[in-house]
Amino acid sequence: MNEKYDYKSIEAKWRDFWLSQKTFKTVGPSEDDFESDKPKCYVLDMFPYPSGAGLHIGHPKGYIASDIYSRYKKMQGYNVLHPMGFDSFGLPAEQYAIEHNIHPAEITEQNINSIRSQLQFLGLGYDWDREIATSRDDFYRWTQWIFSRLFESFYDSDNVWKDALGRVIVGKARPIEELRKEFSEGKRALSSEDEATLSLKGEQRHLWQALGKKEQESVLNNYRLAYQDEIVVNWCPQLGTVLANEEVTNDGKSERGNFPVFKRPLKQWIMRITAYSDRLLEDLNAPLAQGIGKDSFTLDWPEAIKSMQANWIGRSEGAEVFFDVLDSTTGDKCSSLKVFTTRPDTLFGATFMAVAPEHPLVTSGNEVYNVPAKWPNETQDSWRGETPGVGIRDALYDYIAQAQQKSANDREEKEKTGVFSGFYAVNPVNGNKIPVFVADYVSMDYGAGAIMAVPAHDDRDYAFAVKYGLNIVEVVSSPGQHEGCFTGEGTSINSPSGQESNEFGINGLKTVEAKAKITEVLEQKKLGNKTVHYKLRDWIFSRQRYWGEPFPLVTHLDGYTMTVTPPVLLPEMEDFRPETSSDPDRPVEPPLHRAGPEWRIAILDDGIQGERELNVMPQWAGSCWYFLRFIDPNNENSFCGEEAEQYFMPVDLYIGGAEHAVLHLLYSRFWHKVLYDLGLVSTPEPFKKLFNQGMITADAFQDDRGVYIDIRNVELRDGEGYDKETGAQLTRTAGKMGKRYKNGLPPEEVGEEFGVDTLRLYEMYMGPLEASTPWSMEGIRGMQRFLQRVWRNFIDLDGNLTISGQVTPDQTKMMHQTILRVTDHIENLRFNTAIAAMIEWNNGLVGCDSIPEEIAQTFLLLLNPLAPHISEELWERGNWGRGNLAHQTWPKADKALAAEDTVTLPIQVNGKMRGQIEVDKHIEEEELKKIVLEMENVSKFIPSEEAIKRFIVVPGRIVNIVVSE
RNA sequence: GCCGAAGUGGCGGAAUUGGUAGACGCGCUGGAUUCAAAAUCCAGUGUCUUCACGGGCGUGUGGGUUCGAGUCCCACCUUCGGCACCA
């Protein structure tokens with residue numbers, strides 16, 4: 001008999017064992033058998049959306065990593081929560097359903113079933129009793145419930161409070177009822193914005209009580225964290241929906257499907273994420289409070305993700321400055337321009353202004369209005385646009401129309417263009433008349449859509465000024481020589497000095513001081529304000545699709561909207577397709593519009609009919625809070641029980657791809673902070689440690705037509721790819737693994753051929769977890785050889801266990817060293833080096849007739865998280881009678897035993913004893929002499945005791961140095 | 001342009017407090033086994049030089065700190081990721 005390592009039957013056996021025994025079931029507080037003395041560890045994967053294509057071998061990299069970590073933590077005695085679910089609402093699932101012409105409700109559950117079995121095939125230790133899917137009504141009723149909390153809350157930005165650490169936090173979400181009360185009790189007055197909403201300017205109806213219900217509601221809409229507004233949105237006609245800024249690529253295409261996206265005003269539901277700009281930014285690095293009696297924590301996130309979020313929030317400090325605009329014929333003030341600048345200290349260098357083509361000063365819709373009828377006399381020829389001799393209004397009209405045609409890509413040419421608007425503005429600090437241009441290098445989306453141009457100290461303004469012959473006035477002294485303009489900081493010059501009794505005396509001040517002084521005076525004279533500006537925009541939250549969470553909202557016939565108690569079930573509709581078209585101006589009708597009146601019409605508490613909201617929530621809604629539902633997935637009374645939430649949160653380790661840096665990871669932080677403010681969760685941040693696994697890349701092969709050839713039909717010879725059928729040589733390209741490139745393999749296929757343990761080991765061994773590394777069909781064989789040698793070390797050719805014998809000192813030392821190394825590597829997610837340590841140890845055991853029991857057991861304990869099936873099988877064959885391996889305790893190493901044996905030798909300098917060095921006993925005598933000599937030489941150079949102590953010990957060679965006088 | 005990450009053999013990559021550079025794996029070379037091949041096992045494998053022992057040179061480039069630098073500092077080059085006319 002010749003028993004081989006039969007991975008297929010071993011893996012099937014243990015896969016079934018873990019599932020049927022519920023080996024990885026997690027017991028939380030308030031459940032039977034909860035062990036309250038155990039520390040918890042919440043290990044989370046970014047859950048997949050259930051695509052019909054299934055997983056390829058690139059997908060599970062992160063899942064394998066989190067599985068290793070959670071098995072390891074479990075063996076260390078933690079109560080590990082390691083759940084899995086499916087992000088099954090949203091565009092990807094729906095697009096798949098459309099393409100395959102199957103209803104999303106049906107196809108989604110089918111896809112979930114197939115992906116679940118793929119995950120189980122990989123031997124991943126999830127607690128499947130906690131599985132969730134965002135499209136199931138027992139889940140999305142709570143998504144709707146949380147939406148209601150956002151709708152029923154406002155951000156009180158004046159609320160100053162302290163968290164459990166005593167950190168002062170400015171701003172807090174509070175129930176909208178409290179705001180209503182403040183208004184009705186007269187403790188709060190309508191803001192000017194509220195008055196604008198109600199068109200109350202000049203009217204004397206500023207009292208809350210004087211407003212009707214609808215008017216009151218439209219005021220509250222200005223405060224709600226989920227509010228409705230008609231704004232310019234990203235409309236994608238071919239997807240039939242609006243998209244969030246985060247879902248649109250740089251070149252104006254949809255991230256999903258790569259369809260063109262158009263700007264269009266539409267009434268939408270919006271999340272007031274901008275209210276949290278400062279806190280979202282600050283908490284990336286701040287110490288964060290947990291509940292009473294718990295330690296604080298700071299986010300352990302990759303720097304790249306933190307900086308991406310910081311850039312996305314885009315906080316910049318500066319000032320708003322108001323410029324009067326003059327009527328060019330009469331010279332009287334006819335309008336005013338607000339600009340934002342980060343360099344108010346350069347105001348004296350502002351020699352012209354520029355407004356965006358969409359700016360209300362020059363446009364209303366597409367009509368040029370308000371601008372002078374004739375070019376002012378001083379107008380230079382180059383200021384009049386591209387067509388010579390045309391009138392000012394035509395020139396502007398042409399320019400603005402052209403600018404709107406330009407896509408983001410065209411603008412990257414960066415050739416600055418502009419047309420004189422005919423207006424002059426007055427620089428508020430020195431009264432200078434400066435021309436106002438319309439220029440497309442100013443964008444309406446940022447700041448005030450208008451700038452004061454300081455060509456001496458801004459590259460763009462400089463380029464523009466040079467092109468159009470505008471004045472350049474230097475107002476900041478620069479160190480040394482430079483060409484062009486100077487954008488750095490320095491000392492103010494050519495501005496008023498303090499002696500001139502001018503309030504704006506900033507000459508001689510450093511940039512920082514000049515900024516502060518000029519801003520202060522502007523504020524005093526009501527010419528400007530200190531402001532903080534953010535790039536972050538509010539989050540457009542409604543989608544004109546079918547497959548998403550319906551809003552728990554009903555609009556009263558009187559025109560105001562209110563929440564209804566969830567669940568609001570998604571109606572079953574045969575025709576769920578969105579109304580797509582290539583016409584960007586077509587009226588928008590969400591699919592739910594076609595749901596019958598029995599769904600659309602709701603009876604409100606007061607017996608009055610109302611119409612349900614017909615938009616649905618975006619794909620990101622469910623993933624904003626799913627990690628909370630895993631904690632208490634079957635709770636019918638709450639989204640998550642308080643006790644369980646306090647026990648398991650925050651997530652200790654969150655593994656997923658970096659592509660969610662500003663989408664899911666920003667949105668979920670925002671929701672979590674709202675829930676935190678409302679006292680519904682105990683931590684201000686959801687994810688303590690975040691880790692981005694790298695991709696698995698693979699070569700793809702194209703024939704001479706450019707058609708991708710399935711990787712299975714490619715034969716490799718001398719590094720070149722050839723078509724197995726035609727024999728033609730193929731072009732090789734390296735890149736992402738995916739269906740498109742036909743270079744991905746399903747895990748089952750690789751698992752069948754090499755074994756699941758081999759696949760797991762190989763994916764972890766390829767390189768550091770965060771790196772992207774190429775798949776190699778040769779490389780994976782190395783891991784298979786390793787496991788075969790492990791098997792052969794334990795099981796002889798007759799199928800008998802070869803465990804016996806005495807432990808040698810060398811074996812003991814190797815064992816303790818390996819325990820230390822592997823523990824450290826796994827703790828820090830360096831699985832590649834952990835595996836290397838195991839291979840090295842195993843190589844040392846090859847050739848032993850038999851392995852001592854203690855060595856064998858420890859070896860399997862360390863191997864278990866990495867290659868769980870084979871180690872379980874060998875453990876069972878060892879018949880150690882203590883249950884299966886997943887329930888064993890992680891071995892501890894004795895550092896003393898792991899250390900090398902050493903000898904101590906004297907150091908002599910010039911015949912005088914200077915101390916002792918401790919050296920490895922096993923070192924060769926020749927080398928030992930060399931070290932001593934080296935040591936003595938060194939000591940001559942640096943003979944002081946302190947200096948010799950600085951001579952750092954070489955591990956394994958020189959162990960310790962003791963210096964005497 | 002700005003921000004972030006990284007450059008080590010033929011390849012993937014080790015060297016996580018400044019201390020034996022190249023662990024471990026792939027590939028390759030030689031050998032054993034085999035009629036032969038695959039698989040397996042043994043030995044070798046940074047580079048130059050030497051019959052050999054040995055020696056020189058080696059972590060993107062150029063400087064610096066240090067007894068000692070892949071690791072720290074300065075300048076530069078290259079690659080990847082993100083943002084980008086952000087006022």
Side-chain angles (χ1 to χ4, degrees), chain A residues 4 250 302-312 314-316 318-319 321 339-344 346 350 353-354 356 408 411-417 439-443 445-454 457-461 463-464 487 533-535 658-659 661-662 692 694 697 719 761-762 765-768 770-786 788-789 792 821 824-825 828 830 832-843 846-847 920 923 927 931 934-935 937-942 947-948 950-958:
Chain A
K4 280 190 178 164
N250 288 336
E303 277 309 312
I305 302 291
K306 282 197 202 174
S307 87
M308 268 191 244
Q309 290 213 350
N311 284 338
W312 192 261
R315 183 190 152 101
S316 62
V321 187
V339 302
F340 174 73
T341 176
T342 53
R343 292 296 297 272
T346 61
M353 299 189 78
R411 295 191 191 199
E412 276 189 23
E413 291 161 16
K414 295 199 178 173
E415 173 68 21
K416 305 270 177 299
T417 59
D440 68 1
Y441 82 91
V442 179
S443 100
D445 302 336
Y446 189 79
I451 59 160
M452 65 173 212
V454 185
H457 303 291
D458 181 284
D459 289 322
R460 296 149 297 169
D461 299 344
F464 194 87
T487 57
H533 211 92
Y534 300 92
K535 245 168 74 181
E659 66 272 17
V662 289
N692 298 122
T697 61
L761 280 180
Y762 180 59
Y765 187 71
M766 290 165 73
E770 68 273 24
S772 288
T773 40
W775 179 268
S776 144
M777 275 301 177
E778 301 304 321
I780 193 171
R781 291 184 198 284
M783 289 303 109
Q784 197 177 34
R785 284 181 203 131
F786 164 55
Q788 274 163 353
R789 278 200 295 263
R792 192 52 66 219
R821 282 169 73 186
D824 187 50
H825 291 320
N828 294 297
R830 295 190 305 257
N832 53 334
T833 45
I835 293 166
M838 292 303 292
I839 296 173
E840 206 181 335
W841 188 15
N842 187 56
N843 288 349
V846 170
D920 186 358
I923 206 160
E927 205 191 343
I931 292 167
E934 209 177 280
M935 199 55 218
N937 286 336
V938 166
S939 307
K940 278 176 202 160
F941 284 109
I942 39 165
I948 292 179
R950 267 173 44 214
F951 190 99
I952 293 161
V953 168
V954 183
R957 202 167 76 168
I958 301 172

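Every chain is numbered from 1, with letters handed out A, B, ... down the list of sequences. Here the structure is a predicted model, which is why all the values come from computation and not from measurement.
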Discussion item. At 4.0 Å (heavy atoms only), tell me whether A:Thr342 reaches a base, stays on the sugar-phosphate, or touches nothing.
Written reply: sugar-phosphate
Worksheet, complete the sentence: Rounded to whole Å, CG of A:Asp445 lies from P of B:rC83 at a distance of 16 Å
Worksheet, complete the sentence: Looking only at heavy atoms, the pair that brings A:Thr487 and A:Asp458 closest together is CG2-CA, 4.0 Å
Worksheet item: Which of the following nucleotides, B:rC3, B:rC42, B:rC24, is nearest to the side chain of A:Val846?
Response: B:rC42
Item to complete: Considering only atom P, compute the distance from B:rG9 to B:rG22 and round it to an integer number of Å.
Response: 14 Å
Discussion item. Counting primed atoms plus P, OP1 and OP2 as sugar-phosphate and everything else as base, spell out the protein contacts along nucleotides 11-16 of chain B at 4.0 Å heavy-atom distance: B, S or - for each nucleotide, 5' to 3'.
Written reply: -BSS-B
Discussion item. Rounding to an integer number of angstrom, what distance separates B:rA84 and B:rA75 when you compare their P atoms?
Written reply: 28 Å
Worksheet, complete the sentence: CZ of A:Arg785 to CZ of A:Arg781, rounded to nearest 0.5 Å, is 7.5 Å
Fill in: Minimal non-hydrogen separation, A:Thr697 against A:Ser772, with atom names
CG2-CB, 4.3 Å
Fill in: Nucleotide nearest A:Glu778 (side chain, heavy atoms from C-beta), chosen from B:rA87, B:rG25, B:rC26
B:rC26
Practice prompt. Calculate the interatomic distance between A:Lys416 atom NZ and B:rA84 atom C1'; express it in whole Å.
Written response: 12 Å
Item to complete: With sequence neighbours left out, write down each residue that passes ring pair (Phe, Tyr, Trp, His ring centres under 6.0 Å) with A:Tyr762, or none if nothing qualifies.
Response: A:Trp775
Practice prompt. Not counting sequence neighbours, which residues clear side chain to side chain contact (heavy atoms under 4.5 Å, CB included) with A:Pro302? List them please.
Written response: A:Ile305, A:Leu690, A:Asn692
Practice prompt. Describe the nucleic acid contact of A:Arg789 in one word from base, sugar-phosphate, nothing, applying a heavy-atom distance below 4.0 Å.
Written response: sugar-phosphate
Worksheet item: Looking at A:Tyr441, is A:Lys416 sitting on its ring face, NZ or CZ under 6.0 Å from the six-membered ring centre and within 45 degrees of the normal?
Response: yes
Worksheet item: Between B:rU49 and B:rG58, how far is it from one C1' atom to the other, in whole Å?
Response: 14 Å
Practice prompt. Measure from CD1 on A:Ile451 to C1' on B:rA87 and round the result to the nearest Å.
Written response: 6 Å
Worksheet item: Between B:rA87 atom C1' and A:Asp440 atom CG, what is the distance in whole Å?
Response: 15 Å
Worksheet item: Syn versus anti for B:rG22, judged by chi lying within 90° of 0?
Response: anti
Practice prompt. Rounded off to whole Å, could you give me the CG-to-P distance for the A:Asn692 and B:rG4 pair?
Written response: 17 Å
Item to complete: Could you pull out the closest heavy-atom pair between A:Tyr765 and A:Ile835, with the gap in Å?
Response: CD1-CG2, 3.7 Å
Worksheet, complete the sentence: Of all heavy-atom pairs linking A:Val662 and A:Met308, the shortest is CG1-O, 3.9 Å
Worksheet, complete the sentence: When every non-hydrogen atom of A:Ala354 is compared with those of A:Val442, the smallest separation belongs to CB-CG2, 3.7 Å
Discussion item. Rounded to whole Å, how long is the line connecting atom CH2 of A:Trp312 with atom C1' of B:rA84?
Written reply: 11 Å
Practice prompt. Determine the Euclidean distance between corresponding C1' atoms of B:rU78 and B:rC24; express it in Å to zero decimal places.
Written response: 29 Å
Practice prompt. For A:Glu840 and for A:Met452, find the nucleotide of RNA chain B with the closest heavy atom, then tell me which residue's nucleotide is more 5'.
Written response: A:Glu840
Discussion item. Measuring from the side chain of A:Asn843 (C-beta onward, heavy atoms only), which nucleotide among B:rC85, B:rA87, B:rG25 has the closest atom?
Written reply: B:rG25
Item to complete: Could you check A:Ala448 against A:Arg781 and say which one's nearest nucleotide on RNA chain B is further toward the 5' end?
Response: A:Arg781
Worksheet item: Residues in side chain to side chain contact (heavy atoms under 4.5 Å, CB included) with A:Lys535, at least two apart?
Response: A:Tyr446
Worksheet entry | Separation of B:rA84 C1' from A:Lys535 NZ (nearest whole Å) | 7 Å
Worksheet item: Expressed in whole Å, how much space separates the P atoms belonging to B:rC28 and B:rA39?
Response: 10 Å
Worksheet item: If a stem is a run of at least 3 consecutive Watson-Crick or G-U pairs, both distances under 3.5 Å, which stems include RNA chain B?
Response: B:1-7 with B:77-83, B:10-12 with B:24-26, B:27-32 with B:40-45, B:46-49 with B:54-57, B:60-64 with B:72-76
Worksheet item: Rounding to the closest angstrom, what is the interatomic distance between B:rG4 and B:rC74 at atom P?
Response: 13 Å
Worksheet item: Among all residues two or more places apart in sequence or in another chain, which pass the side chain to side chain donor-acceptor pair (under 3.5 Å) test with A:Arg315?
Response: A:Asp278, A:Glu317, A:Tyr534
Worksheet entry | Euclidean distance for P, B:rU61 against B:rG70 (whole angstrom) | 12 Å
Worksheet item: Choosing from B:rA87, B:rC85, B:rG25, which nucleotide comes nearest the side chain of A:Ile839?
Response: B:rG25
Worksheet item: Taking the C1' atom of each, how far is B:rU8 from B:rU59, in whole Å?
Response: 4 Å
Worksheet item: In whole angstrom, what separates A:Tyr534's OH from B:rA87's C1'?
Response: 17 Å
